[in-house]
Amino acid sequence: MPELPEVETTRRGLIPTLEGRKIVKVIKRRDKIRIAIPSDFEKRIEGMRVKSLKRRAKYIQIFLDSGDVIICHLGMSGKFVIKVIDNEPYEKHDHVIFETDGGELVIYNDPRRFGLMTICREDELEQHRLFKNMAVEPLGNEFNGDYLYEKIKTRKSAIKTMLLDQKIVVGLGNIYVCEALNMAKISPIRKACDVTLGETESLVPIIRNVLSRAIEAGGSSLKDFAGTDGELGYFQHLFVSYGCEGEKCSNKECGGTIDRINQGGRSTFYCPQCQK
DNA sequence: ATGATGTCCTGGGCGC
DNA sequence: TGCGCCCAGGACATCA
């Protein structure tokens, strides 16, 4: 569920606690989440200072002054919880804990364990297997109507499936793809090669817009979060199609009803009336 | 290369 | 009340 906006919100929420801080202790409560956490993970982090936090696709990258980068992915149920140090027992799915010299704990909690936590050298980051084949950022300048059209014009898969492909564009997941296609009035089951240049040119700004507005909403949720015992990773956000089966399509003068179908084992929500 | 399908994992919701 | 079943889905593996 955490897609680009949730990951970006999480990154921003972690900055006040981590940036400029020294990580004094790392506790690994299991050896693997989705993949193994390196055996030297704790040793490489303890005593190091956090230079900055960046995001690439749905990954958070924590840059250390040692030249290492911690790489985190929230999977679908991962979140960070910030707590002051106390003697409370850890929660059931607290997998990795970072203690800072500011007296705070940054806890990675992930019930379904689809997330990922690893570390690599900063100068090897771009060539890391997780990042080297990754497509452009949806909010970056390279992502435009021409680019998307060129990427999909020969592809026979459904446009929805293509937008979920991180080699086409990164950061999108099931929710925001449904939202963007509904607003663009493009059917999720259309073959990607049948989508016209004109349509990709209108779709791209819609994708940017839906992501930007979600990041903004996440920013608002961070204000409420500050100083509380809250969790980073999710925030309340209203969707116009996702999860809205049976409800009226929100496109002006449409009058259709949101339907739910299955594509590749995933739910798709769309309006058969206006999404053609 | 592409596309279709299976896999990982747990909690929550449902039917009986 | 409790049991079994199915679903949620990001990214990757594996197959044709």
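If you're wondering where the values come from, they're calculated on a predicted model, not measured in any experiment. Just so it is clear: chains get the letters A, B, ... in the order the sequence lines come, proteins before strands, and each one is counted from 1.
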(message) Looking at A:Glu245, I'd like to know if its CD atom is crowded, meaning that more than 12 non-hydrogen atoms belonging to other residues, nucleotides or ligands lie closer than 6.0 Å.
(response) yes
(request) Would you indicate whether A:Lys51, at its atom NZ, is surrounded by more than 12 heavy atoms from other residues, nucleotides or ligands within a distance under 6.0 Å? (result) yes
Please pick, from [options], the nucleotide with the shortest atom-to-atom distance to any side-chain atom of [X].
X: A:Lys58; options: C:dA8, C:dA11, B:dT10; answer: C:dA11
X: A:Ser157; options: C:dA8, B:dG3, C:dG10; answer: B:dG3
X: A:Tyr59; options: C:dA11, B:dG3, B:dG11; answer: C:dA11

Looking across every strand, which nucleic acid part, if any, lies under 4.0 Å from [X] by heavy atom: base, sugar-phosphate, or nothing?
X: A:Arg113; value: sugar-phosphate
X: A:Arg30; value: nothing
X: A:Ser267; value: sugar-phosphate
X: A:Leu116; value: nothing
X: A:Lys92; value: sugar-phosphate

(request) Tell me whether A:Phe114 is stacked on the nucleobase of C:dG10, counting only the six-membered base ring and applying the 5.5 Å and 30° thresholds. (result)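 According to the criterion (under 5.5 Å, under 30°), yes, A:Phe114 stacks.
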Please report the distance, rounded to the nearest Å, between [atom1] in [X] and [atom2] in [N].
X: A:Leu74; N: C:dA8; atom1: CG; atom2: P; answer: 21 Å
X: A:Leu130; N: C:dC12; atom1: CG; atom2: P; answer: 6 Å
X: A:Asp110; N: B:dC8; atom1: CG; atom2: P; answer: 17 Å
X: A:Asp94; N: B:dT10; atom1: CG; atom2: P; answer: 15 Å

(message) Could you check whether A:Tyr59 and A:Phe131 have their ring centres less than 6.0 Å apart?
(response)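 So the answer is yes for these two rings.
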(request) Go through the N and O atoms of the side chain of A:Arg112 and the base of C:dA8, and report whether any donor-acceptor pair is under 3.5 Å. (result) yes
(request) Could you check A:Met134 against A:Asn262 and say which one's nearest nucleotide on DNA chain C is further toward the 5' end? (result) A:Asn262
(request) Look up atom CG in A:Asn144 and atom CZ in A:Arg208, then write down how far apart they are to the nearest 0.5 Å. (result)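 If we round to the nearest 0.5 Å, A:Asn144:CG and A:Arg208:CZ are 7.5 Å apart.
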